[in-house]
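Below is one structure, written out as structure tokens; the observations come after it.
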2 protein chains.
Amino acid sequence: MDQTLPRIHDNFPFLQRKDIELLFSISELRKVQSGDVLLKEGDVNSNVHLVLSGLLRSYVINSSGDEKTVLISKENMRAASLNSFLHKRPSEITIEAIEPSTILIINSNLFQQAIISNENLALLEKQGMRSYLIDATERLHLLTVLSPEERFIRFRDEHPDLIQRVPQMYLASYLGVTTVSLSRIKSRIAKQG
Amino acid sequence: MDQTLPRIHDNFPFLQRKDIELLFSISELRKVQSGDVLLKEGDVNSNVHLVLSGLLRSYVINSSGDEKTVLISKENMRAASLNSFLHKRPSEITIEAIEPSTILIINSNLFQQAIISNENLALLEKQGMRSYLIDATERLHLLTVLSPEERFIRFRDEHPDLIQRVPQMYLASYLGVTTVSLSRIKSRIAKQG
DNA sequence: GGCATGAAATAACAAAAGATAATTAATGGT
DNA sequence: ACCATTAATTATCTTTTGTTATTTCATGCC
């Protein structure tokens, strides 16, 4: 925990050492390998997964049996099943590590208890909901008003590191295109602009 | 207000008459015509628009100058600019009535004040955030894992009334296709299944 | 280091969606 | 009720995207 504490403090400066200790006491710190699954579709798991290091992808399987990546979570980002988190229903998504990662798995029941008596954790929750809302809206915006090529450029500009780190097949499905299409987009951009 | 009170009570049963009266006192009840604009892109307007009757559409304009409908709000649904609501920044969307409508325009500043002392309105806000989150996630899901035809069928099954009420051009852009494509989808479905 | 495995790029073809235009249907205003 | 305007459908053509297969490239493993 001593390595991760400064990082958490950087990102959530209002959290004091005692808050973070409380957070860790109701959470599990898990180190996972690339390919390990943290949450499986169909399971009821209302945990929130906070990425301390590494990379997660969340995906669903569509009616043709293809995996669709719906979220890519890097350091300080979260991953969770909204279905499970809000309704205790089977998860619609699978969460899988695509890098060796260190994940803080926050038990939502214990967390809900904790925020009753801890204002800073309550603030963390409020911020979390808010940022989830903003992310979802932003992503909706990208998917509805931008073309695949515009989406790729936007993603590249916002997350230059991820272009290298995320395997193309996952990025393609995240951007809503096939791997072949993404290849074409990249070569088009490389040629001109 | 006396006609609208029962409807609000139906949808938010935890609200008492006094809560609803407080809500109305910090809101404006506006009757609008089809085509009237409630919020214009670029304006800072953090109000939440609750549809008491009628139909609103929220749209953005993409880089080709085309209007993209991002939300269709019928009775008891809301419309707001997240940008303005959360950050007091210029709105990214325009909200327009597409039926003669009665809209409760809730002033978010006054509302934030009110929830400090009124638990039921606080619950209303929490529910509102929650349902916004669910809606956004659901819509993301639809747009990423379903084909246009599957999206149309889903929309039709969930909102059979809206198929009649929403002009096709708005529905098409909401589903992420052109009007011509939507026509084709409809005729395909009409022929077989 | 070479070999096996899987991912990415490329090519050729098929299918789907977009663009445009013409026709039909619906709507609103006088 | 009629006309003007706009929306929806249909047809044709073009462009884009997906599909499949092949080649090139990268990675991990022995």
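In what follows, every heavy atom counts, from backbone to side chain, and hydrogens, waters and symmetry copies are set aside. To find a chain, count down the sequence lines: A is the first, B the second, and so on, and within it residues start at 1. Computed from a predicted model, the values in this text were never measured in an experiment.
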Sugar-phosphate only, base, or nothing, as touched by S181(A) at under 4.0 Å among non-hydrogen atoms: sugar-phosphate

Test log, rule side chain to side chain donor-acceptor pair (under 3.5 Å), inputs S173(B) and Y59(B): CA-CA 9 Å; S173(B) 96; Y59(B) 67 87; over 6 Å; no

Polar contact flag, side-chain donor to acceptor under 3.5 angstrom, S81(A)-R89(A): no

Over-ring placement of R151(A) relative to Y174(A), 6.0 Å and 45° cut-offs: no

Five-pair end axes of the helix from dG1(C)-dC30(D) to dT30(C)-dA1(D) and the angle they enclose, rounded to 10°: 50°

Check: S84(A)/S91(A) side-chain N/O donor and acceptor closer than 3.5 Å: no

The single option from V177(A), L175(A), I185(A), L182(A) passing side chain to side chain contact (heavy atoms under 4.5 Å, CB included) against E149(A): I185(A)

N45(A) and K88(A): side chain donor to acceptor below 3.5 Å: no

For the student: nearest non-hydrogen atoms of L15(B) and H9(B), plus distance: O-ND1, 3.0 Å

Any donor-acceptor N or O pair under 3.5 Å, side chains R78(A), S131(A): yes

Qualifying residues under salt bridge (charged side-chain N to carboxylate O under 4.0 Å, His left out), relative to R30(B), sequence neighbours excluded: E28(B)

What's touching nucleotides 24-30 of chain C from the protein side, N or O pairs under 3.5 Å?
none

Enclosure of Q127(A) CD (heavy-atom neighbours >12, cutoff 6.0 Å): yes

Result of checking N76(B), T102(B), I103(B) against S53(B) for side chain to side chain contact (heavy atoms under 4.5 Å, CB included): T102(B)

Interatomic distance where CD1 belongs to I185(B) and C1' belongs to dG18(C) [whole Å]: 13 Å

Closest non-hydrogen atom pair, H87(A) against I134(B): NE2-CD1, 3.6 Å

First and last nucleotide of DNA chain D, 5' to 3', lying under 4.0 Å from heavy atoms of chain A: dT17(D) to dT20(D)

Trace of the side chain to side chain donor-acceptor pair (under 3.5 Å) decision for S63(A) with E150(B): CA-CA 10 Å; S63(A) 57; E150(B) 290 172 318; 2.8 Å; yes

Whether F155(B) and H159(B) hold their rings parallel, tilted or perpendicular, with breakpoints at 30° and 60°: tilted

Donor on one side chain, acceptor on other, Q16(B) and E21(B), under 3.5 Å: no

Nearest-angstrom distance from the residue atom CG of D66(B) to P of dA17(C): 18 Å

Rounded distance (Å) that lies between atom P of dA7(C) and atom CG of L182(A): 15 Å

Those residues of residues 161-178 of chain B lying under 4.0 Å from DNA chain D by at least one heavy atom: P167(B), Q168(B), M169(B)

Sorted by number, the residues of residues 139-151 of chain B with heavy-atom contact under 4.0 Å to DNA chain D: none

